[in-house]
Amino acid sequence: MSFVRYNTDDSVISSETVVRGMWTADTASLTTFFTSSLVTSSYHLNVYDTSTTSSLQFAIQYGHLNGSGSSDINSAVDDITPTRITYGQYRSLIYNDENSSFTFGSVTSKDFFALNIARSRFKESIKPGSLALKLSGSSGGLTTLTLTDDSITNGSVTNFIGSNRYYTLISGSTGTAATSLAGISGSYGLLFPDLGVILLNPLALSLSSGSGGIGLSINTGNGTSGNPNLASMYRAISGSAAKSFTLQSQETVSSRYFFTRVKNNEFNYTTNPSIINDSGSLLYDTLIDNPQTYMTTVGMYNDNNELVAVAKLSRPLIKDFTKEALIRVKLDY
């Protein structure tokens with residue numbers, strides 16, 4: 001078997017960003033929400049799109065610095081609760097230490113809600129500017145609040161907490177601001193696109209509709225059974241008649257193109273042993289002066305002549321001394 005080495009100018013690398021809908025079947029807007037009564041946890045509430053037999057879309061979590069909003073894991077150990085553990089987990093994930101506090105706008109918060117997108121959903125990252133989360137109030141007469149991120153309105157400025165980039169949540173839709181939120185409540189929350197996490201500010205959401213919130217009920221009592229705030233946030237997401245959670249994922253797909261040049265004097269003789277007889281003579285005399293082959297596959301080998309990749313042609317290409325070919329092989333990674 002003969003080999004031809006690729007030269008440096010025989011290949012080129014190209015990258016492109018692929019954007020897809022976040023949810024099942026690449027759907028951008030999630031409008032139906034289900035939870036499972038069979039799987040209960042004080043740490044998180046899983047949300048599905050159709051039923052518990054379908055794929056997980058995201059999970060709701062609630063964290064509190066002092067462990068309020070849930071009961072002790074062990075009655076013999078005070079103040080070690082699921083909400084305190086959740087707070088510590090996200091603090092380590094985002095701030096990479098155990099002493100920092102979460103800040104929304106200029107306000108330091110003792111608690112937060114986290115919408116954790118299923119890892120298989122957001123691919124490489126959440127696409128900034130694609131968020132439109134509708135939240136409804138927990139009491140009658142409150143309007144629906146739509147949250148988005150400020151990636152478009154802030155002039156494409158990216159902020160970081162440590163190595164984690166983030167955007168601030170504002171009232172609006174898919175990156176377009178409607179109203180701003182000021183005062184003692186801070187911002188509505190933060191979007192961490194590379195972590196697949198949306199943090200929501202309970203203080204801002206608990207405000208009345210006239211003050212920019214939805215009147216969300218927050219239970220911060222000590223020794224609270226279970227974690228009722230998970231259900232409270234789930235109702236805010238799924239309870240509105242216009243309920244919708246719009247989000248997109250994005251990933252950078254790199255491709256390397258190999259231009260396989262087959263010159264007129266190359267690969268004209270087949271290596272198939274079926275064309276020779278027992279004595280080593282050609283069975284077909286016409287192949288002596290006018291050899292022909294049919295190219296069907298490009299095999300790519302390393303320096304040890306080990307096959308590492310195979311590219312199949314859509315149809316066989318005839319090859320002889322009067323023909324040349326240029327075959328483009330694409331590898332995605």
Side-chain angles (χ1 to χ4, degrees), residues 17-23 26-31 47 57-61 63 90 93-95 102-109 111-119 121-136 143-183 185-207 212-214 216 233 236-237 240 242-252:
T17 300
V18 179
V19 177
R20 296 185 175 90
M22 183 66 70
W23 316 117
D26 293 338
T27 302
S29 294
L30 187 63
T31 57
V47 180
Q57 307 299 302
F58 65 95
I60 301 172
Q61 293 182 272
Y90 278 93
L93 175 67
I94 294 172
Y95 289 95
F102 287 91
T103 301
F104 299 106
S106 59
V107 177
T108 300
S109 177
D111 61 346
F112 60 80
F113 284 100
L115 305 184
N116 197 325
I117 310 300
R119 184 63 188 88
R121 296 286 165 210
F122 71 90
K123 304 295 188 295
E124 183 178 310
S125 66
I126 295 173
K127 182 180 184 299
S130 67
L131 173 64
L133 173 62
K134 293 183 181 295
L135 300 174
S136 62
T143 59
T144 298
L145 172 68
T146 302
L147 297 181
T148 188
D149 62 86
D150 67 346
S151 59
I152 296 177
T153 60
N154 70 353
S156 300
V157 175
T158 304
N159 297 307
F160 288 86
I161 296 177
S163 60
N164 299 309
R165 61 174 176 145
Y166 74 91
Y167 298 94
T168 300
L169 297 187
I170 56 177
S171 172
S173 180
T174 57
T176 302
T179 59
S180 61
L181 182 68
S185 62
S187 70
Y188 285 112
L190 304 172
L191 167 68
F192 295 89
D194 301 316
L195 299 177
V197 171
I198 300 172
L199 292 186
L200 299 175
N201 180 8
L203 182 59
L205 297 180
S206 64
L207 296 175
I214 58 173
L216 184 67
M233 176 53 65
I237 296 174
S240 171
K243 55 183 177 290
S244 176
F245 190 176
T246 300
L247 204 57
Q248 291 178 321
S249 68
Q250 66 179 16
E251 61 179 332
T252 301

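We count residues from 1, following the sequence as given.
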With rounding to the nearest 0.5 Å, note down the distance linking CD1 in Ile170 to CG in Leu131. 10.0 Å

Output field: ring centroids Tyr90/Phe102 closer than 6.0 Å: no

CG (Leu247) and CG (Leu133) are apart, to the nearest 0.5 Å, by 9.0 Å

Applying salt bridge (charged side-chain N to carboxylate O under 4.0 Å, His left out), can you list everything that pairs with Arg165, at least two apart in sequence or on another chain? Asp194

Phe122 meets the ring-ring contact (aromatic ring centres under 6.0 Å, His included) criterion, sequence neighbours left out, with none

Measure from the side-chain N and O atoms of Asp149 to the backbone N and O of Pro128, and report whether any donor-acceptor pair falls under 3.5 Å. no

I'd like to know if the side chain of Ser151 and the backbone of Gly129 have a donor-acceptor N/O pair within less than 3.5 Å. yes

Shortest non-hydrogen contact from Leu93 toward Asn164: O-ND2, 3.3 Å

Using modelled atom types and a 3.5 Å cut-off, is there a donor and acceptor pairing between side-chain atoms of Trp23 and backbone atoms of Thr31? no

Taking all heavy atoms of Tyr95 and all of Thr103, pick out the closest pair and write down the distance. OH-N, 3.7 Å

Run the side chain to side chain donor-acceptor pair (under 3.5 Å) test against Asn159 and tell me which residues pass, sequence neighbours left out. none

Could you tell me whether the side chain of Gln248 and the main chain of Lys127 form a donor-acceptor pair under 3.5 Å? no

Those residues that, when tested against Ser206, pass side chain to side chain donor-acceptor pair (under 3.5 Å) (two or more places apart): none

Leu115 vs Ile60 side-chain heavy atoms within contact, under 4.5 Å: yes

Kindly indicate, with the supporting measurements, whether the criterion side chain to side chain contact (heavy atoms under 4.5 Å, CB included) is fulfilled by Leu30 and Phe58. CA-CA 11 Å; Leu30 187 63; Phe58 65 95; 3.9 Å; yes

Phe245 versus Ile198: any side-chain heavy-atom pair under 4.5 Å? yes

Does Ser109 have any side chain to side chain donor-acceptor pair (under 3.5 Å) partners at least two apart in sequence or in another chain, and if so, which? Asp111

What closest approach, in Å, do Gly196 and Ile126 show between heavy atoms, and which atom pair accounts for it? CA-CD1, 3.7 Å

On a heavy-atom basis, which atom in Thr246 and which in Ser29 lie closest, and how many Å separate them? OG1-OG, 2.7 Å

Flag side-chain contact, heavy atom, 4.5 Å: Leu145 against Ser171: yes

Could you measure the distance from the CD atom of Gln57 to the OG1 atom of Thr27? Nearest 0.5 Å is fine. 8.5 Å

When rounded to the nearest 0.5 angstrom, what distance separates CE in Met233 from CG in Leu135? 6.0 Å

Residues in side chain to side chain donor-acceptor pair (under 3.5 Å) with Glu251, at least two apart? Arg20

In short, Ala114 meets Leu199 closest at the heavy-atom pair CB-CD2, 3.7 Å

OG1 of Thr148 to OH of Tyr188, rounded to nearest 0.5 Å, is 12.5 Å

List the steps, then state whether side chain to side chain contact (heavy atoms under 4.5 Å, CB included) holds for Ile161 with Phe192. CA-CA 10 Å; Ile161 296 177; Phe192 295 89; 4.0 Å; yes

Mark yes or no for whether Asn201, through its side chain, and Ser187, through its backbone, hold a donor-acceptor pair below 3.5 Å. yes

Show the nearest heavy-atom pair for residues Arg121 and Met22, with the distance to one decimal. CD-O, 3.2 Å

Inter-residue atom distance Leu205.CG - Leu200.CG, 0.5 Å rounding: 6.0 Å

Trace of the side chain to side chain contact (heavy atoms under 4.5 Å, CB included) decision for Tyr167 with Thr158: CA-CA 7 Å; Tyr167 298 94; Thr158 304; 3.4 Å; yes

